[in-house]
Trainee: 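Handing you a structure now.
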Amino acid sequence: MADIFLTNTLTRKKEKFAPIKSGFVGMYSCGPTVYSDIHIGNLRTYLAADILKRILLYNGYKVQHIKNITDVGHMRTDEEHEQAIDPVIAEALKQGRTPQQIAQEYTEKFFEDEKRLNILPANVFPRATEHIEEMIKLIERLRDKGYAYETDGAVLDAEGGAKRGKAGVRGEADDESFGTVYFDVKKFKDYGKLSGNTLDKTNKLLEAVRVSSETDKKDSVDFALWKKAESGRSMKWDSPWGDGFPGWHIECSAMSMKYLGDNFDIHTGGEDNVFPHHEDEIAQSEAVTGKKVVNYWIHAGFLLVDGKKMARREGNVYTISDIIQKGFNPLAFRYLVLTAHYRSRLNFTWESLEAAQNSLNNLYREVTGFATSDKPKVARLPTPNAPPDSLQDAAASKRAGVGYGGQGCTECEQKFLKAINNDMDMPAALSVVQHLVKSNCPTSAKLASLYKFDQVLGLDLEKVAAEAAKVPEEVRKLVDEREELRNKGDFAGADKLRRKIREKGYEVVDEETGSRLKKAV
Ligand code: AMP
Ligand code: ZN
């Protein structure tokens, strides 16, 4: 197998990937909290994981991919009321439905959005609410090893000020007042190894990301493993600490280790997951097992809008439905994501999406041209106004080592593999694609290579070409003739042929970058 290099957040280095078990990769990705439509920022992170998984498959690995569904416990700070809320429950109250209905609806929508972007489904999508038992067991093990302590839960007094809770041992005081369990961070010596937020750094930094109402902790760096259910809460489970619900971090520790074991290969997420979520996951999992849990931590950079992180609370989110409504192919967003390195931040603009759509259309036109080149050249329509490939970055071409002039497909295949295996350098890989398209290697070989590359790119190249190849020969001929007339400036003649083509059930769409054929509706 070829060498694959990945930047590991844990070591802050680009490392050669070495699987635990030869030929097999266990991979865990933090999935969505299902209380609303996911946005394209979330999807950028899921796309990074998808591309990594496809690269591993392309290299011949078997991949066991787990992506969790957070349907309880991922608390958010409600800024208006300055308190921690469970967004699934909050949405249920808002809509007058049950939290289960909300979670189910948005889980299905999440699956649909991933499908629209050709994100390969994970092997397992474990739901947090279906793994409470595993989480409780993990917390018990942490408690037995002295890493967890129970308190009387957090409360705010009538004036909104913090009431200091008391940490203690069940049985020593009124048991009724207990019920919240925290991880005792000071006991875990390696805390901070992923994010650099070690204990000797200020607590202020840590406090900034903790929910404001957790006033009952021994130390502000401690985080909740189990939370006592507030009165009236519907989503709660019986536990050794009374009725309650799990903390967000313990969910991922429990589910990743259940499906992939105590030590697995790869864990992915967005850059904001590094701290506290993944740091806390390491603390929990490694405190329990005493060994390293994840070998490679891979994090995707943010999708930004006007330089700011795309986030619901910023009010700057777009969804895949928004993209479709504006007339874009969702795969144009996939293409846009491929034009940037996964670790760099990417500023989203509609102009950049349009440029990605144009590049994708050009690629489709080329591929369908190759696929039908033994027949009249219909799909290979000229692209007189094709913009310079604005998304093609010169540095990527250089990294990919592709120069102008003809090249054999074998050489392109080698360069493609080198690019994708070099820390997922997809801009360089796209550069190889462009050069292969323009190269003078035989059409059938070009197509074979492009279809192979599409196992990683996920742009539906074969499907689009197959659709085009289904166009009857007479229609293809008419399109060619029309294109010639257009080029000669005979627009009346071209319009006549357009009508003829429509009678045969096809529509010619003239775009800035050339003409395209689609089935008339
Ligand atoms: P959340 O629902 O906030 O937990 O986010 C789900 C996933 O999307 C996490 O892995 C986050 O790191 C990731 N994510 C959230 N916002 C963005 C963004 N603007 N750009 C890239 N990834 C994001
Ligand atoms: Zn997670």
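Order of appearance sets the numbers: ligands from 1, and atoms from 1 within every ligand.
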Trainee: Backbone or side chain, does any N or O of Gly301 fall under 3.5 Å from an N or O of ligand 1?
Mentor: no
Trainee: First locate atom CD of Glu281, then atom NE2 of His267, and finally report the distance between them rounded to the nearest 0.5 Å.
Mentor: 3.5 Å
Trainee: Contact between Glu314 and ligand 1, counting heavy atoms under 4.0 Å?
Mentor: no
Trainee: Taking the six-membered ring for Trp and the single ring otherwise, decide whether the centroids of Tyr149 and Phe183 are under 6.0 Å apart.
Mentor: no
Trainee: Work out the angle at the Zn ion (ligand 2) between SG of Cys30 and NE2 of His277, rounded to 10°.
Mentor: 110°
Trainee: Do His39 and Tyr318 have ring centres separated by under 6.0 Å?
Mentor: no
Trainee: Relative to the heavy atoms of Arg76, which atoms of ligand 1 are at a distance of less than 4.0 Å?
Mentor: 1 (P), 2 (O), 3 (O), 4 (O)
Trainee: Pick whichever of Trp248, Phe348, Tyr46 has a heavy atom sitting closest to atom 7 (C) of ligand 1.
Mentor: Tyr46
Trainee: Can you tell whether the side chains of Arg76 and Asp86 come within less than 4.0 Å, N to carboxylate O?
Mentor: no
Trainee: Looking only at protein heavy atoms, which one is nearest to atom 20 (N) of ligand 1, and what is the separation?
Mentor: Leu303 N, 2.8 Å
Trainee: Does any N or O of ligand 1 fall below 3.5 Å from an N or O anywhere on Asp272, backbone included?
Mentor: yes
Trainee: Does ligand 1 have an atom under 4.0 Å from some heavy atom of His39?
Mentor: yes
Trainee: I'd like to know if Lys94 pairs up with Glu91 as an ion pair, taking the criterion as any Lys NZ or Arg NE/NH1/NH2 lying under 4.0 Å from an Asp or Glu carboxylate oxygen.
Mentor: yes
Trainee: side-chain hydrogen bond (donor to acceptor under 3.5 Å, both in side chains) between Asn422 and Lys14: does it pass, once the steps are laid out?
Mentor: CA-CA 9 Å; Asn422 177 21; Lys14 191 151 90 177; 2.7 Å; yes
Trainee: For atom 9 (C) of ligand 1, what is the nearest protein heavy atom, given as residue, atom name and distance?
Mentor: Asn273 OD1, 3.3 Å
Trainee: Of all the atoms in ligand 1, which lie at a distance below 4.0 Å from a heavy atom belonging to Gly270?
Mentor: 10 (O), 12 (O)
Trainee: Look at atom 22 (N) of ligand 1 and say which protein heavy atom is nearest, naming residue and atom and giving the distance to 0.1 Å.
Mentor: Thr45 OG1, 2.7 Å
Trainee: Quick check on contacts: which atoms of ligand 1 are under 4.0 angstrom from a heavy atom of Met310?
Mentor: 16 (N), 18 (C), 19 (N)
Trainee: Less than 3.5 Å between some nitrogen or oxygen of Arg44 and one of ligand 1, yes or no?
Mentor: no
Trainee: Using a strict 4.0 Å cut-off to heavy atoms of Gly41, name the atoms of ligand 1 that fall inside it.
Mentor: 17 (C), 18 (C), 19 (N), 20 (N), 21 (C), 22 (N), 23 (C)
Trainee: Going by an N to O cut-off under 4.0 Å, is there a salt bridge joining Arg141 and Asp144?
Mentor: no
Trainee: Is there a donor in the side chain of Glu105 and an acceptor in the side chain of Gln101, or the other way round, less than 3.5 Å apart?
Mentor: no
Trainee: If the contact criterion is a heavy-atom separation under 4.0 Å, does His74 count as touching ligand 1?
Mentor: yes
Trainee: Polar-atom distance check: Phe302 versus ligand 1, any N or O pair below 3.5 Å?
Mentor: no
Trainee: Can we say Lys309 and Asp272 salt-bridge, meaning some charged N sits less than 4.0 Å from an Asp/Glu carboxylate O?
Mentor: yes
Trainee: Do any N or O atoms from the side chain of Asn347 and from the backbone of Asp306 form a donor-acceptor pair under 3.5 angstrom?
Mentor: yes
Trainee: Step through it carefully: locate the ring centre of Tyr259, locate the ring centre of His131, and say whether they are under 6.0 Å apart.
Mentor: yes
Trainee: Which residue supplies the protein heavy atom nearest to atom 8 (O) of ligand 1, what is that atom called, and how far is it?
Mentor: Asn42 ND2, 3.1 Å
